[in-house]
Each structure stands twice: as C-alpha cells, then as structure tokens.
Number of protein chains: 2
Amino acid sequence: MNIKDVAERSGLPAKTIRYYEEIGLIRPARAENGYRHFAEADLHKLTFLGRARSLGFSIGDCRTLLALYEDHSRASADVKRLAEDHLDRIDRKLAELAAMRDTLAHLVRSCAGDGRPDCPILADLAGTPDA
Amino acid sequence: MNIKDVAERSGLPAKTIRYYEEIGLIRPARAENGYRHFAEADLHKLTFLGRARSLGFSIGDCRTLLALYEDHSRASADVKRLAEDHLDRIDRKLAELAAMRDTLAHLVRSCAGDGRPDCPILADLAGTPDA
DNA sequence: ATAGGCCTTCCAGCCACGGGAAGGTCAAGG
DNA sequence: CCTTGACCTTCCCGTGGCTGGAAGGCCTAT
C-alpha cells in the first residue's frame, strides 16, 4: 500500500503517518522509487496508534504501549499501570475543567448581556466584585 | 515596581510578563537603565490577565476582554457572548474527556494487572477484542 | 573591589502535528 | 509520444503559550 491507502484505512492523515515514521514509531519499507510501502503490519500499528491517541495517550505513552504490545512476554500489570496513570491525569484535567466551567457558568448567568456596560464577568476578572 | 515585584503580586512568572509585553497585551514604561517600570495599572491588567487565563480564555480572548474592560461604553452583551462561546468550548472539551475517561476506566477495570501477558487494554487498542 | 541578585535581550525547545513550496513518479487519455 | 493530473517525496515554517538558558549590563552591600 502507498501512504494514501493506509491513511484512508487507518483514519490518520498522511502527514501524521510521515511524522510517526520520522519519530520512529513505525518503519515502513521503501519501494525503489522512494515511495513508502506499507505492509498490513504497518497498517495495524497505525490503527493501534490512532486508537491510543484518541484515548489521549501521549506519543511517549504510545511508544511504550506499542513496545508492550509487541512484547509477548509483557506483564499486563505494566500496561495497567500506564493506563491508570493516564486515567489520573485525565481525572485531574476533568476536575480542573469542571471548576472552570462552574465559575464561568455562574458568571455568564449573572451577566445581563444587554447594551449596558455593567458586567459581572469583567468585574470578576478585574477582582472588583462590584463593577 | 520592577518585574519581580509585579510577578510576585500578580502571581505570574516574570517570563510570562515579558511575553505579554512582547505580544502587546501590556505596555509598561521603561526606566533610564532599560528596566521595565510597572505602574499600579499595569499590575491591575496583569492580575486581570492571570484570572482570565486561569478560566481558560485564550490569549486572543484576553486581548478582547481587556479591550472591553477598558472601554467604558462597552455593551455587556459583547462580554457575555465571548464568555458563552468559551463555555461551549469547555463543555465540548469536558464531554470529550469524560468519554475518554469512561472508556479508559472500563479498560483498566477489565485488566487483571498481574504478571500474565493477556491484556484487554492492548487488545482494545489493537482492535482485537479478545487477545 | 567583589559578590550576588537583580535586570536585559536573544535563541531554542516543548507537543503533535498542519500548510505549503519545489520537485519527482506514475497511469490514463489524446 | 506527450500531456494532464493525481499521486509521492523532502524541506522548512507556523501554531499556542509559554519555559529554560546563555551572555551580558546594572545596582546594592560589604
């Protein structure tokens, strides 16, 4: 397969696939004309990567996950630990975003949103609760 | 005030303050020796920026918010619209993250996490629900 | 005089790509 | 055989919002 075919079948942009090769996540073969030539195993790795990325794993995590995936003598505990760490990061991010949303939603509700200049949102940002 | 004082009082790193000047968010005066000289108004703007950034507003949004803050003939509707748009983005991000967390949490729960290689997490990533 | 703690600018790097230029290659149609 | 157009290649720059570090100037206290 050429790059466009794996792009379509993996759902990843061709640019991303080239980037993944550049940083050593995949090593597709080369045809005589210099074109990348992808085997089914490459496509498989790319879909793996796409799925891992869509779950928010970093490129570094993906590298480790791919190595674990290919190491048939791995311990599932290693995979689980990685996933748990990532889950913790996601939970922290969620809490942070939820706090933002609550504050913001409260401010939005308290703003008249009309033609007058008085605005509790700006007042909050300015640290002057009444302005 | 010199930069370290405003850094402490605004809670922003000195590097960030220099960056904000570079991109035109603030315009502190200069002393004869080249040092930045911050007035209370500058400090005020910086705390405004810090608060807005902590609520997740982009630098572009902050620029607009600061302009609205300084325009005493603004309409609060303009501020509210900006905040509502941002709130929508946060809500979308939250939904995306929550979906990630749910999938990931499910996978983590289903993984034995012992010394054996069998791992539902890797199996899911590989698209082979039983491996 | 010197030490150290400020300050300045500039350059480079982070993450995970995306855009676009300049040029090579290949298959189909006239 | 030639052209067209769809591929492919590498290379470099830009994104956002900083952060780190180097090289050098300034200021105060001892």
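The structure presented is a predicted model; accordingly, all values stated were derived computationally and were not measured. Naming convention: chains lettered A, B, ... in sequence-line order (proteins, then strands); numbering from 1 in each chain.
Atom CD in A/E21 sits about 8 Å away from atom P in D/dT9, given to the nearest Å. The CD1 atom of A/I17 sits 14 Å away from the P atom of D/dT10 (whole-angstrom rounding). The interatomic distance linking B/I23 (CD1) with D/dG16 (P) rounds to 10 Å, in whole Å. Remark: C1' of D/dT9 and CZ of A/F38 are 12 Å apart, rounded to the nearest angstrom. Rounded to a whole Å, the CG atom of B/L25 is 9 Å from the P atom of D/dC18. Atom CG of B/L12 and atom C1' of D/dC18 are 12 Å apart (whole Å). Distance CZ (B/F57) to C1' (D/dG16): 17 Å, rounded to an integer number of Å. One atom, CD of B/E32, and another, P of C/dT8, lie 15 Å apart when rounded to the nearest Å.
For B/K15 and D/dG17, a side-chain-to-base donor-acceptor distance below 3.5 Å is absent, hydrogens and geometry of angles not being considered.
The 5' end of DNA chain C is approached more closely, in terms of each residue's nearest nucleotide, by A/Y19 than by the other of A/N33 and A/Y19. Annotation: of the two residues near DNA chain D, A/R30 and B/R53, the 5′-most nearest-nucleotide partner is A/R30.
When the side chains of ILVMFWY residues are joined at heavy-atom separations under 4.5 Å, either directly or via intervening members, A/Y35 and A/V6 end up in two distinct hydrophobic clusters.
Bending across the helix from C/dA1-D/dT30 to C/dG30-D/dC1, expressed as the angle between its end axes from five pairs apiece, amounts to 30° (10° rounding).
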Report each atom pair, protein N/O against N/O of nucleotides 3-7 of chain C, whose distance is under 3.5 angstrom.
{"from": "C/dC6", "atom 1": "OP1", "to": "B/K4", "atom 2": "NZ", "distance (Å)": "3.4"}
{"from": "C/dC7", "atom 1": "OP1", "to": "B/I3", "atom 2": "N", "distance (Å)": "3.3"}
{"from": "C/dC7", "atom 1": "OP1", "to": "B/K4", "atom 2": "N", "distance (Å)": "2.9"}

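OP1 or OP2 of D/dT19 has at least one side-chain nitrogen or oxygen of B/T16 nearer than 4.0 Å.
Across B/F38 and B/I3, no two heavy atoms sit closer than the pair CE1-CA, 3.6 Å.
A perpendicular orientation is assigned to the rings of B/H44 and B/Y69, their planes being inclined by more than 60° (bins at 30° and 60°).
Crowding of A/R116 atom CZ: a count of heavy atoms from other residues, nucleotides or ligands under 6.0 Å not exceeding 12.
With B/D5 contributing its side chain and B/N2 its backbone, the two residues share a donor-acceptor pair below 3.5 Å. A donor-acceptor contact shorter than 3.5 Å links the side chain of B/S76 to the backbone of A/G113. B/D124 places no side-chain N or O within 3.5 Å of a backbone atom of B/I121 that could act as its donor or acceptor partner.
B/T128 has its side chain out of reach of A/F48: every pair of non-hydrogen atoms, C-beta onward, lies at least 4.5 Å apart.
When each of A/R27, A/K45, A/R30 is tested with A/E21 by the rule salt bridge (charged side-chain N to carboxylate O under 4.0 Å, His left out), just one qualifies, namely A/R30.
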